[in-house]
Amino acid sequence: MNPRAAVRIIPKHGEDVMSQLIDVFLEPAKLWSGQKERPTFLVPALLVAVATVLSTTLYFFNVDPQWFVEHQLQAMGQEMSASELEKMKGVMPGARMQGIIAAVSAPIVMAIVFAVTALYYLLAGKVAGHAVSYRHGLSLATWAAMPMLIGAVVSIIGVFTSSPQTTYESLQLLSVDPLMVQLPMDHDWSTLAKSFSLLNLWCWFLAALGWKTWFRTGWGQAIFVAVLPGVVIYGVMALFALL
């Protein structure tokens, strides 16, 4: 069934939302043209937050609790006797508790990230001489993050198809590690490789396209604005890896 035809049976507001959810993946320039006149952010923010919470919570509630604690201790580089291991288990939060913590903290963290990113776009607009409202900044931050839904779906599938003795990082199949390399946890570049998802490139493209569409700038300025926060974040991580 044609997705465009499917949205016609939905009330007007729902039709607009469905159309936007399709456009962000298939016709992003059209999405940004509409967002310039009527910026929105609640739907993409909720979708990304819910998908992220679901993927992390499902992992913690499906992983082998005993194995998970032992894996954490090994990752910390600590070798302990059986009695010491039992004591640590009583102190460290288990997998289920970490799942609850993730379910509560992840939406808060994402809300902060979106809020700070929107503020960044607001300030970038002032520097570049463009009229960017905070609402437009939220629109740019949240809709550009929509490709992360794909990463969350891949992780959810991995939870149900992998062994319960699988690390969470191993389920991030679109990250540099494990997609391109498999580095040990104590490797200098492990954190960066596991943190950088190839979906970042898609998100940056969407943000750059939104900036270019709204302000009719060249690709140079648009890409610079979209990529700068990521360059700073991952650049600092790379610096620590080199030191």
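By the ring pair (Phe, Tyr, Trp, His ring centres under 6.0 Å) test, Trp202 is found to be paired with Phe25, residues two or more places apart in sequence or in another chain being considered. Scanning for side-chain hydrogen bond (donor to acceptor under 3.5 Å, both in side chains) contacts around Gln98 gives Gln72, with sequence neighbours left out. When the side-chain hydrogen bond (donor to acceptor under 3.5 Å, both in side chains) test is applied to Ser139, the partners found at least two apart in sequence or on another chain are Gln35. Residues passing the ring pair (Phe, Tyr, Trp, His ring centres under 6.0 Å) test with Tyr59, sequence neighbours excluded: Tyr168. In this structure Lys194 satisfies the salt bridge (charged side-chain N to carboxylate O under 4.0 Å, His left out) test together with Asp177, sequence neighbours excluded. Every residue meeting the ring pair (Phe, Tyr, Trp, His ring centres under 6.0 Å) condition with Tyr234, not counting sequence neighbours, appears here in chain and number order: Phe196.
Applying the ring pair (Phe, Tyr, Trp, His ring centres under 6.0 Å) test to pairs two or more places apart or on separate chains, those with a residue in residues 131-159 are His136-Trp214. The stretch residues 148-163 participates, sequence neighbours left out, in these side-chain hydrogen bond (donor to acceptor under 3.5 Å, both in side chains) pairs: Ser155-Gln172. Applying the salt bridge (Lys or Arg N to Asp or Glu O under 4.0 Å) test to residues at least two apart or on different chains, none of the pairs has a partner in residues 92-118. Screening residues 113-132 for side-chain hydrogen bond (donor to acceptor under 3.5 Å, both in side chains), with sequence neighbours left out, gives His130-Gln221. Within the structure, salt bridge (Lys or Arg N to Asp or Glu O under 4.0 Å) pairs that include any residue of residues 213-235 do not occur (at least two apart or interchain). Applying the ring pair (Phe, Tyr, Trp, His ring centres under 6.0 Å) definition to pairs two or more places apart or across chains, none involves residues 91-114.
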